[in-house]
Amino acid sequence: MAPGDGQHLSFQELMGTKRAAYYLYTSEQIDAPTALQLGLVNEVLPQERLLPRAWEIAEMIMQRPRATRRLTHAILQRPWKRRLVQDFGFGLAHEMFGISSGKANGRDSK
């Protein structure tokens with residue numbers, strides 16, 4: 001199935017088009033250390049440290065003035081919104097076409 005559900009947008013935004021293409025074409029599994037290396041995640045922690053670390057980060061963020069937090073959020077979300085508006089429909093249409101074309105030809109949609 002073509003990866004038009006938004007995964008392609010996330011991969012391209014986070015790790016670049018060439019690496020995204022590799023993982024989307026090959027469907028290679030991405031473990032935690034590889035995700036860290038590729039820039040898909042910022043930290044890899046044992047399960048018992050996840051929630052405490054999330055609270056640490058949240059408390060750091062909440063120390064900033066409200067206006068700073070809101071404006072920073074708007075700046076950081078802009079590329080994601082642009083990708084969604086410009087590219088999501090294109091990818092989704094291709095995924096749906098691939099699914100329907102596979103079924104119409106009597107093939108599995110994978």
Side-chain angles (χ1 to χ4, degrees):
M1 175 180 350
D5 61 354
Q7 183 178 10
H8 66 293
L9 300 178
S10 298
F11 276 22
Q12 288 173 345
E13 186 70 28
L14 294 172
M15 63 174 134
T17 55
K18 188 169 184 165
R19 283 185 176 162
Y22 174 82
Y23 284 97
L24 292 170
Y25 275 125
T26 64
S27 299
E28 186 175 315
Q29 295 293 311
I30 300 173
D31 60 14
T34 304
L36 183 62
Q37 178 187 353
L38 293 171
L40 294 175
V41 298
N42 292 318
E43 299 179 33
V44 175
L45 302 167
Q47 186 173 356
E48 64 274 3
R49 280 286 303 135
L50 291 177
L51 198 52
R53 180 62 179 143
W55 279 111
E56 286 175 35
I57 293 169
E59 288 169 1
M60 276 191 307
I61 292 169
M62 291 307 291
Q63 289 176 6
R64 306 273 189 262
R66 182 179 174 97
T68 301
R69 293 191 319 262
R70 292 181 64 94
L71 294 170
T72 300
H73 179 78
I75 291 166
L76 296 176
Q77 292 303 307
R78 177 93 173 148
W80 290 99
K81 288 181 179 182
R82 186 175 29 246
R83 275 198 179 272
L84 281 173
V85 168
Q86 293 176 353
D87 297 332
F88 182 70
F90 179 81
L92 188 58
H94 281 71
E95 181 176 320
M96 294 295 106
F97 179 75
I99 290 170
S100 65
S101 128
K103 289 179 183 176
N105 293 324
R107 291 184 302 229
D108 188 286
S109 60
K110 293 181 183 171

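What you see is a predicted model; the values in this text were computed from it and never measured.
- Hydrophobic clustering (ILVMFWY, side-chain heavy atoms < 4.5 Å, transitive): L40 and Y22 are in one cluster.
- Cluster membership for L24 and L14, using ILVMFWY side-chain heavy atoms within less than 4.5 angstrom, is shared.
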Given side-chain contact (heavy atoms from CB on, under 4.5 Å), test Y23 with T34 step by step and report yes or no. CA-CA 12 Å; Y23 284 97; T34 304; 3.7 Å; yes

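- How far CZ of R83 is from NE2 of H8: 8.0 Å, rounded to the nearest 0.5 Å.
- Residue-environment remark: CZ (R53) exceeds the threshold of 12 foreign heavy atoms within 6.0 Å.
- When the side chains of ILVMFWY residues are joined at heavy-atom separations under 4.5 Å, either directly or via intervening members, M15 and W80 end up in a single hydrophobic cluster.
- D31 CG: more than 12 foreign heavy atoms inside a 6.0 Å radius.
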Kindly determine whether R78 and K81 satisfy side-chain contact (heavy atoms from CB on, under 4.5 Å), including the steps that lead there. CA-CA 5 Å; R78 177 93 173 148; K81 288 181 179 182; 5.9 Å; no

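- To the nearest 0.5 Å, atoms CD (E56) and CG (L51) are separated by 10.5 Å.
- Looking only at side-chain heavy atoms (C-beta outward), F11 and I30 come within less than 4.5 Å of each other.
- More than 12 heavy-atom neighbours from other residues, nucleotides or ligands sit within 6.0 angstrom of CD on E28.
- Dense packing is recorded around CE of M60, with more than 12 heavy atoms of other residues, nucleotides or ligands lying under 6.0 Å away.
- To the nearest 0.5 Å, atom CD of residue Q12 and atom NZ of residue K18 are 14.5 Å apart.
- Distance check: L50 CG to E48 CD gives 8.0 Å after rounding to the nearest 0.5 Å.
- Using a 4.0 Å cut-off between charged nitrogen and carboxylate oxygen, R82 and E13 do not count as a salt-bridge pair.
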I'd like to know whether R69 forms a side-chain contact (heavy atoms from CB on, under 4.5 Å) with R66, so could you lay out the CA-CA distance, the side-chain angles of the two residues, the decisive distance to 0.1 Å, and finally the verdict. CA-CA 5 Å; R69 293 191 319 262; R66 182 179 174 97; 3.8 Å; yes

